[in-house]
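Computed over heavy atoms, backbone and side chain alike; hydrogens, waters and symmetry mates excluded.
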Amino acid sequence: MMKRLRNLLIATIALLGFQTINAQAKIAHVDVNELTAKMPAVLDAQTQLKKLSETYSAEYKTMVDEYQTKIKKYDAEASTTTDAVNQSRQVEVQDMGKRIGEYQDTAQKDLQKKESDLMKPLMDKIRLSISKVGKAKGYQYVLNASDLLLTDGPDLTADVKKDLGF
């Protein structure tokens, strides 16, 4: 009986303590996904990345088509050419395949770097705006709404959009 009373008292104190702490901390949330989906500068960056990706894809496709054409041609002519010519062609095709793989790797790295170069300053700008709006409204914590299970508190998304100019 005494042990139950002690546990109940500890639970009550913990609950009251949590409510006191919770009442002191001002928390709001922002939907960062919405901000990035609608921010004009982000949309412009995504358009640039899409164009660059399409350019790389077109060049890659051209290289692969040329590679496949050579393989078909060399396979068709293999029986009518000398072993030395066939060996030379085999080396040429292997080198071509290697260049295609290297091009693909380089294009992917360039695309990732370009994405980082374009998006990092924009994400920094969003973070700064969230911090600025949160502090101006007296919040100690501003959380990303997409990371929360319940977003029943103040939503600063509209205020941050206004601060960012859209």
On a heavy-atom basis, the closest approach of Ala45 and Leu122 is CB-CD1, 4.1 Å
Asp65 and Lys61 ion-paired at < 4.0 Å: yes
Side chain to side chain, His29 and Asn144, heavy atoms closer than 4.5 Å: no
Distance, nearest 0.5 Å, that separates CD of Gln90 from CG of Asp83: 11.0 Å
Check step by step if salt bridge (charged side-chain N to carboxylate O under 4.0 Å, His left out) holds for Lys120 and Glu115. CA-CA 8 Å; Lys120 186 180 180 323; Glu115 180 179 22; over 6 Å; no
Any non-hydrogen side-chain atom of Arg89 less than 4.5 Å from a side-chain atom of Glu77? yes
Taking the basic N atoms (NZ, or NE/NH1/NH2) and the acidic carboxylate oxygens, is any pair closer than 4.0 Å for Lys72 and Asp75? no
More than 12 non-hydrogen atoms from neighbouring residues, nucleotides or ligands closer than 6.0 Å to CG on Asp147, yes or no? yes
Backbone N/O of Leu43 and side chain of Thr47: donor-acceptor pair under 3.5 Å: yes
Consider only side-chain heavy atoms of I, L, V, M, F, W and Y, link residues closer than 4.5 Å, and tell whether Leu128 and Tyr141 are in one cluster. no
According to a 4.5 Å side-chain heavy-atom criterion applied to Ile, Leu, Val, Met, Phe, Trp and Tyr, with indirect links allowed, do Met119 and Leu35 form part of one hydrophobic cluster? yes
If you count the non-hydrogen atoms of other residues, nucleotides and ligands that lie under 6.0 Å from CZ in Phe166, is the total more than 12? yes
If only side-chain N and O atoms count, and only distance matters, is there a donor-acceptor pair under 3.5 Å linking Thr157 with Asp31? no
Looking at side-chain heavy atoms only, is the closest gap between Leu156 and Lys137 below 4.5 Å? yes
Please report the closest heavy-atom contact between Ala78 and Asn86, naming both atoms and the distance. O-ND2, 3.0 Å
CE/Met96 to CD/Gln68 distance, rounded to the nearest 0.5 angstrom? 10.0 Å
Residue pair Lys161 / Glu34, side-chain heavy-atom distance below 4.5 Å: yes
Indicate, with yes or no, if Leu143 and Ile130 share a hydrophobic cluster defined by side-chain heavy-atom contacts under 4.5 Å among Ile, Leu, Val, Met, Phe, Trp and Tyr. no
Ion pair Asp117/Lys113, N-O distance below 4.0 Å: yes
Does the side chain of Val32 reach to within under 4.5 Å of the side chain of Met123, using non-hydrogen atoms? yes
Run Asp124 and Arg127 through side-chain contact (heavy atoms from CB on, under 4.5 Å) and show every step you take. CA-CA 5 Å; Asp124 290 345; Arg127 275 189 214 96; 2.9 Å; yes
Is it possible for you to say whether Val85 and Val93 belong to one hydrophobic cluster, with membership spreading through side-chain heavy-atom contacts below 4.5 Å? no
Between Met63 and Leu111, is there shared hydrophobic-cluster membership here, with clusters defined by ILVMFWY side-chain heavy atoms closer than 4.5 Å? yes
Roughly how far, to the nearest 0.5 Å, is NZ of Lys132 from CG of Asp163? 4.0 Å
Is the closest side-chain heavy-atom distance between Gln112 and Ser116 below 4.5 Å? no
Any side-chain to backbone donor/acceptor pair from Ser53 onto Leu49? Under 3.5 Å, distance only. no
Looking at CD1 of Ile100 and CG of Asp105, how far apart are the two atoms once the value is rounded to the nearest 0.5 Å? 12.0 Å
With a 4.5 Å cut-off on side-chain heavy atoms, are Met39 and Lys125 touching? yes
Find out whether Asp110 and Tyr56 are in side-chain contact, i.e. whether some heavy atom of one side chain is under 4.5 Å from a heavy atom of the other. yes
Here the gap from Gln108 atom CD to Tyr103 atom OH, rounded to the nearest 0.5 Å, amounts to 12.5 Å
